[in-house]
Amino acid sequence: MEHVQQVEPFDYVIFGATGDLTMRKLLPALYNRLRMGQIPDDARIIGTARTDIDRDGYVARAKEALERFIPDDVRSPVLVDRFLGLLHYVTLDGTKADSEWSALSSILSEAPADRIRVYYFATAPQLYGRICENLHSHNLVSPHSRVVLEKPIGTDMATATAINDGVGQYFPENQVYRIDHYLGKETVQNVLALRFANPIMNAVWSAEQIESVQITAAETVGVEGRASYYDTSGAMRDMIQNHLLQVLCLVAMEAPDSLEADTVRNAKLAVLNALRPITDETVASETVRAQYTAGVVGGQSVPGYLEELGQPSNTETYAAVRAWVDTPRWKGVPFYIRTAKRSARKVSEIVIRFRAAPTALFGATPPGNRLVIRIQPNEGVELQLNVKNPALDAYTLRTADLDTTIRMEGGLPFPDSYERLLLDAVRGNPVLFIRRDEVEAAWRWAEPVLKAWSENQVPMQTYSAGSYGPEKSAALLADKGDKWHEDME
Ligand SMILES: NC(=O)C1=CN([C@@H]2O[C@H](COP(=O)(O)OP(=O)(O)OC[C@H]3O[C@@H](n4cnc5c(N)ncnc54)[C@H](OP(=O)(O)O)[C@@H]3O)[C@@H](O)[C@H]2O)C=CC1
Ligand SMILES: O=C1O[C@H](COP(=O)(O)O)[C@@H](O)[C@H](O)[C@H]1O
């Protein structure tokens, strides 16, 4: 059984309550937490958007979403009814001062003044500042309120600063929760446990023993229905600047003194600040970008990115970077980061390649050990060891895997990362959310790459949908004698 504790009564106010994210992720996540007994009966979920519907209309939409996104075996009519009973809806344009703020205010005022209030912005980031201003001017910000910001926090440093300033004018940083759903993944959080709860790992976690690190997040899907967003973003902004840099931080950071939010965030920030800047001189040798062309994924023919988009585009659907963390611990260790749409398979993983043992005992030097942390799917950890080949005539070696799959008790699927994050915002625990200075440090590193790409300093490669990426990406690793994980023996 999952060990769960009920959270304090709360009001969750969702701006963008009729949108895709709310219907596909937020409402199902809150339903699942109610199913696990974590949501008190007097909690309320108050949806807002401009769409002019009444409460019944919203409840009908929410019910449809649960039917679509919650599997039959965990969707009970009684629990669905109980969940729908928590819902309210206010038609509101969050950017307009003269919109129906009094209706929202009147619902909120029914609760005690010290009620935890979470404002979740599931809408376009350029609206965040104006919504905050309106919350403030309608006296809806209390010391018990917090605001959850969805990605993307900007498309570069200037836009990120504008969003953060807009919100920061009305909410102090300790009331701002920036979502990065990768941090909500159990297997991403497990990186800290693996590193710091296991002395055998801790002892070898540095350049002395580690040759290289690979961090991959590959997907078989294309841009789905989100082409208009994706084409203004691309793989670097969509995945690397946020999710994969956060994973890199957990792999590379020094041990924090505690799991207190700012202690962990300070340790991550130190990694981001130690990332070697990529310059016009190095961008061509340290980065690869590409777009998928038509191909076959999972036995299905799929069109190329440009065909899907129906227009020319300079947006990458694949990005790979060789990054360097300039600290004594990581001196000379490349961190290869890559992400792809329409890849051969869906996989997010961290691969740690250890140095080979300098021994002549067995003839050829045995290969270095390899640790694979599988973020998804088949969540688990695999350590590749050299063992004696059980043959009678010669002392030869082969590799064997110590492989453990990490499961929830009872074999239950892992909760979706939004389930943890939505309730952490209620609990007031920001450890899995991104602090402003982390966002800015990540942009400081990513921006020069994006600028160089926009100036075509690095040629756009292509790769067939259903492949592992462009041929050129192997060159990023080849000069250090490395290979991408799927190419390793
Ligand atoms: N969808 C996803 O999978 C993911 C989305 N995100 C982020 O979440 C946010 C929302 O995305 P998504 O749900 O896909 O977007 P949608 O376009 O589907 O939804 C946007 C929502 O915002 C509402 N809205 C728009 N303008 C206003 C306004 N002025 N005042 C009040 N409400 C408004 C819309 O309702 P109405 O028109 O009725 O006002 C709608 O409910 C974005 O920041 C996106 O980047 C992040 C990760 C994944
Ligand atoms: O944030 C995003 O993440 C998803 C991939 O998430 P995962 O949990 O399935 O690995 C990606 O599809 C989307 O483009 C991006 O915005």
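Just follow the structure's listing: the first ligand is 1, and inside any ligand the first atom is 1.
For atom 7 (C) of ligand 1, the closest heavy atom belonging to the protein is K151 O, 3.3 Å. The single protein non-hydrogen atom nearest to atom 22 (O) of ligand 1 is T123 OG1, 2.9 Å, given as residue, atom name and distance. Scanning the protein heavy atoms around atom 8 (O) of ligand 2, the nearest turns out to be K185 NZ, 2.6 Å. Summary of contacts: the protein heavy atom closest to atom 4 (C) of ligand 2 is E219 OE1, 4.0 Å. When hydrogens are left out, the protein atom nearest atom 1 (N) of ligand 1 is D20 OD2, 2.7 Å; that is the closest non-hydrogen contact. In terms of protein heavy-atom proximity, atom 30 (N) of ligand 1 is closest to G94 N, 2.9 Å. Of the protein's non-hydrogen atoms, the one nearest atom 47 (C) of ligand 1 is E150 OE1, 3.8 Å. Of the protein's heavy atoms, D93 OD1, 2.8 Å lies nearest to atom 29 (N) of ligand 1. Among all non-hydrogen protein atoms, the one lying nearest atom 32 (N) of ligand 1 is A49 CA, 3.7 Å. Nearest to atom 10 (O) of ligand 2 among the protein's heavy atoms is Y182 OH, 2.6 Å. The protein non-hydrogen atom at the shortest distance from atom 6 (O) of ligand 2 is H181 NE2, 3.1 Å.
Among the atoms of T51, some N or O lies under 3.5 angstrom from an N or O of ligand 1. For a threshold of 3.5 Å applied to N or O pairs, the pair formed by R226 and ligand 1 contains no separation below that value. Where the criterion is an N or O separation shorter than 3.5 Å, residue side chain and backbone included, R24 meets it with respect to ligand 1. Among the atoms of G16, some N or O lies under 3.5 angstrom from an N or O of ligand 1. When only interatomic distances are considered, the shortest N/O to N/O separation between Y229 and ligand 1 does not fall below 3.5 Å.
Ligand-side atoms of ligand 2 in range of D238: 13 (C), 14 (O), 15 (C), 16 (O), range being under 4.0 angstrom from any heavy atom. The ligand atoms of ligand 1 that sit less than 4.0 angstrom from a heavy atom of P125 are 43 (O). Proximity to A17 (heavy-atom distance under 4.0 Å) selects the following atoms of ligand 1: 41 (O). Interface of Y128 with ligand 1, defined as ligand atoms under 4.0 Å from a residue heavy atom, comprises 43 (O). Distances below 4.0 Å separate heavy atoms of K346 from the following atoms of ligand 2: 7 (P), 9 (O), 10 (O). Close approach to L127 involves these atoms of ligand 1, each under 4.0 Å from a residue heavy atom: 26 (N), 27 (C), 28 (C), 29 (N). Close approach of ligand 2 to M239 (heavy-atom distance below 4.0 Å) involves ligand atoms 2 (C), 3 (O), 15 (C). Every atom of ligand 1 is numbered from 1 in the order shown, and the set under 4.0 Å from a heavy atom of L92 is 30 (N), 31 (C). Every atom of ligand 1 with a heavy atom of T95 under 4.0 Å away is listed here by number and element: 29 (N). Of all atoms in ligand 1, numbered sequentially from 1 with element shown, those under 4.0 Å from a heavy atom of P152 are 45 (O). Each of the atoms 11 (C), 12 (O), 13 (C), 14 (O) of ligand 2 lies under 4.0 Å from some heavy atom of K341.
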Steps toward side chain to side chain contact (heavy atoms under 4.5 Å, CB included) verdict (H243, K185): CA-CA 11 Å; H243 309 314; K185 291 183 191 284; over 6 Å; no
Test log, rule side chain to side chain contact (heavy atoms under 4.5 Å, CB included), inputs R146 and V148: CA-CA 7 Å; R146 45 211 69 143; V148 180; 5.6 Å; no
Evaluation steps, side chain to side chain contact (heavy atoms under 4.5 Å, CB included), between D11 and I46: CA-CA 7 Å; D11 285 340; I46 304 155; 4.3 Å; yes
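Side chains of S142 and S145: a donor-acceptor N/O pair is present below 3.5 angstrom, by distance only. Using modelled atom types, one finds a donor on one side chain and an acceptor on the other under 3.5 Å when comparing Y182 with S348. D238 and Y229 share a side-chain donor-acceptor pair at under 3.5 Å.
Checking side-chain atoms of T22 against main-chain N and O of G16 turns up a donor-acceptor pair under 3.5 Å. Formation of a donor-acceptor pair under 3.5 Å by the R338 side chain with backbone atoms of A319 is not found in this model. At least one donor-acceptor pair closer than 3.5 Å links the side chain of Q214 to the backbone N or O of K483. N190 contributes no side-chain N or O that, together with a main-chain N or O of E186, makes up a donor-acceptor pair within less than 3.5 Å. One N or O on the side chain of R195 and one on the backbone of L250 form a donor-acceptor pair closer than 3.5 Å. In this structure, the side chain of N164 engages the main chain of A160 through a donor-acceptor pair within 3.5 Å. The main-chain N or O of T161 is never found under 3.5 Å from a side-chain atom of W443 such that the two would form a donor-acceptor pair. Under the 3.5 Å distance criterion, the side-chain polar atoms of S467 are matched with a main-chain donor or acceptor of S464. The backbone N or O of A235 sits less than 3.5 Å from a side-chain atom of E316, completing a donor-acceptor pair. Using modelled atom types, no side-chain atom of R33 and backbone atom of Q38 make a donor-acceptor pair closer than 3.5 Å.
Looking at T315 and T317, their side chains never come closer than 4.5 Å, going by heavy atoms from C-beta outward.
Counting heavy atoms only, L21 comes closest to atom 4 (C) of ligand 1 of the residues L21, I14, T18, N134.
For atom 15 (O) of ligand 1, the protein comes within 4.0 Å by no heavy atom at all. For atom 18 (O) of ligand 1, a protein heavy-atom neighbour is present inside the 4.0 Å cut-off.
With a heavy-atom cut-off of 4.0 Å, A122 touches ligand 1 through its backbone alone. With a heavy-atom cut-off of 4.0 Å, R50 touches ligand 1 through backbone and side chain alike.
Proximity of Y230 to ligand 2 is not established, as no heavy-atom distance is less than 4.0 Å.
Using a 4.0 Å cut-off between charged side-chain N and carboxylate O, E440 and R436 make a salt bridge. A salt bridge does not link R130 to D93: none of the charged side-chain nitrogens sits closer than 4.0 Å to a carboxylate oxygen.
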